[in-house]
Amino acid sequence: MPATNSPPSITVNAIRVEMIERGRGQPLLFLHPGIGLDGAGPVLDRLAERARVIAPSHPGFGASEQPHTFDHMDDLAYFYLDLMDQLELTNTVVVGVSLGGWIAAEIAVKSTHRLSHLVLANAVGIKVGARETRDIADIFAITEKEFNELAYFDPRFAARDYAAMPEADVRVVARNREATARYGWSPYLHDPKLKDRLHRIGIPTLVLWGAADRILSEAYGRAYCAAIPGARFEPIEYAGHFPHVEQPDEFARRIFAFVEGRPR
């Protein structure tokens, strides 16, 4: 969970969002999943050992402002394109997990001008199966306990004692769930047009996959990968839908091996 002390913020087009920045070197834009951004988690430190990590809370998530006009993934994608313009980022590695992977893919089909590499980890965002086939578990129709059992290799990573948590942190959990529903309720966690636009991604792309994920199937991840020219698929063992949480060291190692062109 995020700490109750609010991290620094940035204002883009009059929209204020929380943003953590750590490390030095090549910029790496980290786009968090629907469970939110955990500034105290180890993954940002691991990534910051070899890059300048820029990790915002998406509009509507955490303590970031929710613009009244934002209700579609395009809104978030264009917001981040504007953020990169404002920061004058170049040669940027964009890393997105789950919902953040969907945002990353939406960014990349629009423009890769400021991007060098794309990393999608257990990304949602496309329709793979037939019209009546469910590709993504219905996270809005199950209990938190059921969600954790599907999402994690070890559900203990998700354990929370809400009674002992500060009220501000409980509010963050509620805002993250509300924002996930706002952007992903209908069509359910996908953009019907995105899959046919993935061919526009012309930069090196890595699809990382927590192998124990039961929110999504590995077949879904491989179909995502196959739709992006030249993309490569790499499973991460002992991790589920959020590999950056369960295997932060391996998650970071795979990213830098990919960006630096080293064997994994």
Side-chain angles (χ1 to χ4, degrees), residues 20-33 37-39 41-56 80 84 89-109 112-125 151-154 157 198-213 216-264:
I20 295 169
E21 188 167 355
R22 295 178 188 164
R24 300 176 63 184
Q26 183 176 4
L28 186 153
L29 179 63
F30 180 81
L31 302 176
H32 66 77
L37 178 66
D38 183 358
V43 70
L44 296 185
D45 286 337
R46 299 297 182 273
L47 294 171
E49 291 173 3
R50 306 182 73 157
R52 173 192 173 193
V53 176
I54 298 157
Y80 282 117
M84 286 189 282
L89 300 182
T90 58
N91 200 37
T92 307
V93 180
V94 174
V95 178
V97 182
S98 184
L99 186 91
W102 180 6
I103 300 170
E106 295 279 9
I107 291 169
V109 300
T112 56
H113 173 65
R114 295 189 177 276
L115 279 59
S116 68
H117 296 76
L118 179 67
V119 180
L120 307 177
N122 294 75
V124 297
Y152 291 87
F153 173 77
D154 183 352
F157 275 94
L198 292 176
H199 71 276
R200 291 178 47 82
I201 299 176
I203 57 173
T205 300
L206 172 65
V207 176
L208 289 177
W209 207 259
D213 189 1
L216 306 171
S217 68
E218 183 172 313
Y220 181 94
R222 289 189 179 276
Y224 218 130
C225 184
I228 301 172
R232 77 188 201 205
F233 183 92
E234 293 185 9
I236 296 180
E237 299 299 325
Y238 310 109
H241 193 60
F242 307 114
H244 70 300
V245 172
E246 295 194 271
Q247 295 293 333
D249 293 338
E250 184 66 7
F251 182 82
R253 189 186 73 78
R254 296 289 188 96
I255 289 171
F256 291 120
F258 170 64
V259 171
E260 297 165 7
R262 295 183 283 105
R264 72 180 183 88

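Numbering starts at 1 and runs along the sequence shown.
- The distance from the CD1 atom of I54 to the CE atom of M84 is 9.5 Å, given to the nearest 0.5 Å.
- Contact annotation: the side chain of V43 never approaches that of V245 to less than 4.5 Å [non-hydrogen atoms, C-beta and beyond].
- For A223, the side-chain contact (heavy atoms from CB on, under 4.5 Å) partners two or more places apart in sequence, or in a different chain, are V128.
- Going from atom CG of L120 over to atom CG of L31 covers 10.0 Å, rounded to the nearest 0.5 Å.
- The two atoms that bring S98 and H241 nearest to each other are OG-NE2, 2.7 Å, heavy atoms only.
- Side-chain contact between I107 and L118 is absent, with no heavy-atom pair separated by less than 4.5 Å.
- Separation of atoms CG (D154) and CD (Q247) is listed at 10.0 Å; rounding is to 0.5 Å.
- Scored by the side-chain contact (heavy atoms from CB on, under 4.5 Å) test, T90 finds R114 as partners (sequence neighbours excluded).
- Under the salt bridge (charged side-chain N to carboxylate O under 4.0 Å, His left out) criterion, the residue pairs touching residues 90-107 are E106-K110, with sequence neighbours excluded.
- Here A51 pairs with L28, F256 under the side-chain contact (heavy atoms from CB on, under 4.5 Å) rule; sequence neighbours left out.
- A donor-acceptor pair is defined here as one N or O able to donate and one able to accept, closer than 3.5 Å; no such pair exists between the side chain of Y152 and the backbone of A212.
- R50 places no side-chain N or O within 3.5 Å of a backbone atom of G25 that could act as its donor or acceptor partner.
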Legend entry - Residues V94, T112; criterion side-chain contact (heavy atoms from CB on, under 4.5 Å); working and verdict: CA-CA 10 Å; V94 174; T112 56; over 6 Å; no
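- Annotation: ring-ring contact (aromatic ring centres under 6.0 Å, His included) contacts of F157 (sequence neighbours excluded): none.
- Annotation for A121 and P243: closest pair CB-CG, 4.2 Å, computed over non-hydrogen atoms.
- In plain terms, the two heavy atoms of I201 and A105 that are nearest each other are CD1-O, 4.4 Å.
- With sequence neighbours excluded, no residue forms a salt bridge (Lys or Arg N to Asp or Glu O under 4.0 Å) with E237.
- Remark: D249 engages R46 in a side chain to side chain donor-acceptor pair (under 3.5 Å) (not counting sequence neighbours).
- Remark: Q26 engages S116 in a side chain to side chain donor-acceptor pair (under 3.5 Å) (not counting sequence neighbours).
- Residues N122 and L216 come closest through the heavy atom pair O-CD1, 3.6 Å.
- Minimum interatomic distance between F242 and A151 (heavy atoms only, all atoms of both residues): CE1-CB, 3.9 Å.
- Separating the CG atom in L206 from the CZ atom in R254 is a distance of 8.0 Å, to the nearest 0.5 Å.
- Residue pairs meeting the salt bridge (charged side-chain N to carboxylate O under 4.0 Å, His left out) criterion with at least one partner in residues 217-226, sequence neighbours excluded, are E218-R222.
- Every side-chain contact (heavy atoms from CB on, under 4.5 Å) that A55 has, sequence neighbours left out, goes to I20, F30, L37, L44, V53.
- Atom CG in N91 sits 8.0 Å away from atom NE2 in H117 (nearest 0.5 Å).
- Scanning all heavy atoms of the two residues, the minimum distance from Y224 to W102 falls at OH-CA, 4.2 Å.
- In this structure, F251 and V97 have side chains that are in contact, with non-hydrogen atoms separated by less than 4.5 Å.
- Considering only residues two or more places apart in sequence or on other chains, Y80 meets the side chain to side chain donor-acceptor pair (under 3.5 Å) condition with H58.
- Not counting sequence neighbours, the partners of E21 by the salt bridge (Lys or Arg N to Asp or Glu O under 4.0 Å) test are R52.
- Ring pair F153/Y238 is perpendicular by interplanar angle, where above 60° counts as perpendicular and below 30° as parallel.
- Here the CG atom belonging to L115 is positioned 8.0 Å from the CG atom belonging to L29, to the nearest 0.5 angstrom.
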